[in-house]
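Have a look at the structure below before the remarks.
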Amino acid sequence: MYYVTALGELLIDFTSISNPDKANLCFEQNPGGAPANLAACISKLGGKTAFIGKVGKDMFGSFLSEVLNKHGIDTSGLKYSEEHNTTLAFVKCDNKGERSFTFYRNPGADTSLSSSEIEFKLIDSSKVFHFGSLSMTDEPAKTATLKALEYAKSKNLIISYDPNLRLALWKSKDHALKEIISVLSMVDILKVSEEELEFITGMGDNEKGTEFLFKKYKISLILVTRGDKGCYYRFGDITGSKPAFKNIKVIDTTGAGDAFLGGFLYYIISKGISKIDDIDKAMLERSIVFANAVAAICTTRRGGIPAMPSINEVNDLIKGDI
């Protein structure tokens with residue numbers, strides 16, 4: 001049984017690295033894509049995962065397939081495009097590790113995933129179905145995503161969703177907002193940044209924004225990641241926050257949100273949770289502390305998938321606090 005089957009983009013992050021010659025910025029190749037990052041995180045921690053997506057039949061696609069296999073992720077749901085190249089993202093980091101993106105995806109192989117290519121047996125064998133919004137920017141991947149989501153919902157899986165707002169990949173802000181909110185009523189766990197929460201709700205207040213989402217879409221659990229301020233959560237009418245780990249030397253925040261959610265999902269599933277209602281406040285907060293530790297370690301390394309920590313590294317950082 002898989003902890004999670006994740007569907008969505010798998011791509012190459014070309015991440016900027018320090019270079020004394022400012023005129024010639026250097027980039028290193030790192031495997032990435034938010035759903036793939038999450039699957040790799042859970043696998044690295046010790047959970048079993050599967051991935052559904054599409055890459056180009058090119059050198060980058062071969063590299064990404066090798067990486068997923070190396071991390072123990074089931075790649076029977078990974079398909080290859082003869083017509084489109086693997087999506088590339090150039091990621092420039094500032095001195096605080098914050099990022100700006102430039103994408104090469106017009107179209108990318110990930111957007112060409114069709115409904116007929118979905119391996120539904122992977123969803124049948126999973127406890128959680130996870131997806132993001134970037135597989136809904138273009139057809140046929142949008143329809144494929146919705147088919148997989150509806151199937152997972154019909155099988156009573158926990159549905160996990162990370163909008164992962166990247167406006168450069170949408171036709172417009174209005175298009176992004178329309179598609180991002182279109183699936184919220186089917187979601188059990190929503191992970192958003194404060195920026196994404198404000199984009200979706202128009203509210204800059206975490207309490208009011210999450211209350212709006214809970215009342216309108218009946219989302220059981222909303223996790224708002226706040227960078228070095230930790231995480232705010234809403235679990236029905238219960239709200240609270242847990243601080244981030246301190247004294248962390250941040251190098252690159254790429255994949256930190258994916259690491260957080262991957263850590264959270266790993267923790268609750270490893271404790272035997274099969275439905276959201278089985279979580280109580282104490283377990284929820286322990287899960288968030290664990291997830292904060294996973295994300296903190298991720299930020300101390302470059303890249304998405306390569307930055308994911310082991311369970312021993314996480315436990316060492318927490319030092320028995322859970």
Side-chain angles (χ1 to χ4, degrees), residues 6-15 32-38 52-56 60 81 83-93 98-115 117-118 129-150 159-187 189-204 209 212-213 216-217 219 222-225 253-258 261 304:
L7 179 150
E9 68 276 11
L10 175 62
L11 49 81
I12 299 291
D13 286 327
F14 282 104
T15 310
N37 290 342
L38 179 138
I52 297 173
K54 199 167 185 178
V55 292
F60 297 123
S81 173
E83 294 80 25
H84 306 298
N85 292 329
T86 302
T87 295
L88 308 179
F90 285 82
V91 188
K92 185 176 180 181
C93 300
E98 295 300 328
R99 305 149 300 152
S100 58
F101 293 85
T102 298
F103 292 94
Y104 288 80
R105 187 197 195 214
N106 285 313
D110 58 301
T111 66
S112 68
L113 181 72
S114 66
S115 299
E117 294 175 307
I118 299 293
F129 175 74
H130 173 77
F131 72 111
S133 72
L134 296 188
S135 57
M136 299 190 294
T137 60
D138 297 277
E139 293 287 6
K142 174 187 168 181
T143 296
T145 301
L146 296 179
K147 290 277 188 183
L149 172 59
E150 290 163 2
I159 306 297
S160 166
Y161 179 45
D162 176 5
N164 192 30
L165 183 63
R166 297 286 181 265
L167 284 174
L169 295 177
W170 294 91
K171 295 178 179 69
S172 66
K173 285 186 178 181
D174 288 343
H175 179 221
L177 182 60
K178 177 185 175 183
E179 298 299 337
I180 285 170
I181 67 175
S182 69
V183 295
L184 290 178
S185 62
M186 300 181 72
V187 171
I189 301 174
L190 173 68
K191 196 286 291 181
V192 288
S193 67
E194 290 184 301
E195 176 192 7
E196 289 161 349
L197 180 64
E198 184 170 1
F199 178 79
I200 294 169
T201 66
M203 303 176 191
F212 170 82
L213 291 176
K216 183 168 184 177
Y217 300 104
I219 302 169
I222 304 169
L223 301 168
V224 184
T225 51
T253 58
T254 301
D258 310 320
L261 185 53

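Predicted model only: the values in this text are computed from it and were never measured.
- Taking every heavy atom of both residues into account, Thr87 and Gly108 meet most closely at OG1-CA, 3.3 Å.
- No side-chain heavy atom of Glu196 sits less than 4.5 Å from a side-chain heavy atom of Thr225.
- If you take CG on Leu169 and CZ on Phe103, they are separated by 4.5 Å, rounding to the nearest 0.5 Å.
- Between the CD1 atom in Ile118 and the OG1 atom in Thr143 there is a gap of 10.5 Å [rounded to 0.5 Å].
- Once rounded to the nearest 0.5 Å, the distance linking CG of Leu11 with CG of Asn37 reads 8.0 Å.
- Considering CD1 of Ile159 and CG of Leu190, their distance stands at 13.0 Å, rounded to 0.5 Å.
- What you find for Ala6 and Pro35 is that their closest heavy atoms are CB-O, 3.5 Å.
- Counting all heavy atoms, side chain and backbone alike, Ser112 lies closest to His84 at CB-CD2, 3.7 Å.
- Residues Trp170 and Leu177 are not in side-chain contact: their nearest non-hydrogen atoms beyond the backbone lie 4.5 Å or more apart.
- Atoms CG and NE2, on Asp258 and His130 in that order, are 6.5 Å from each other to the nearest 0.5 Å.
- Between Asp138 and Pro107, every side-chain heavy-atom pair lies at or beyond the 4.5 Å cut-off.
- The two residues Ser182 and Glu179 make their nearest non-hydrogen contact at OG-O, 2.7 Å.
- Without hydrogens or angle criteria, Ser172 side chain to His175 main chain gives a donor-acceptor distance under 3.5 Å.
- Residues Met136 and Leu146 form a side-chain contact, since some pair of their non-hydrogen atoms from C-beta on lies under 4.5 Å apart.
- Applying the side-chain hydrogen bond (donor to acceptor under 3.5 Å, both in side chains) rule to Ser81 yields no partners; only residues at least two apart in sequence or on another chain are considered.
- No more than 12 heavy atoms of other residues, nucleotides or ligands lie within 6.0 Å of CD in Glu195, so this atom counts as exposed by the packing criterion.
- Nearest heavy atoms, Ser115 versus Lys147: OG-CG, 3.5 Å.
- For the pair Ser135 (side chain) and Gly8 (backbone), a donor-acceptor distance under 3.5 Å is absent.
- Taking OG1 of Thr111 as the start and CG of Asn106 as the end, the distance is 9.0 Å to the nearest 0.5 Å.
- Among residues two or more places apart in sequence or in another chain, the side-chain contact (heavy atoms from CB on, under 4.5 Å) test is passed with Asn164 by Glu9, Ala34, Leu134, Asp162, Arg166.
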Candidate pair Leu223 and Ile189, rule side-chain contact (heavy atoms from CB on, under 4.5 Å), full reasoning: CA-CA 8 Å; Leu223 301 168; Ile189 301 174; 4.2 Å; yes
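- The heavy-atom pair separating Gly209 from Leu197 by the smallest distance is C-CD1, 4.0 Å.
- Between Phe14 and Phe60, the two ring planes are perpendicular [angle over 60°; tilted spans 30° to 60°].
- Note on ring orientation: taking the six-membered ring where Trp is involved, the planes of Phe212 and Tyr217 are perpendicular (angle over 60°, cut-offs 30° and 60°).
- Panel note: side chain Tyr161, backbone Ser133; no donor-acceptor pair is recorded below 3.5 Å.
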side-chain contact (heavy atoms from CB on, under 4.5 Å) assessment of Leu149 paired with Leu7: CA-CA 9 Å; Leu149 172 59; Leu7 179 150; over 6 Å; no
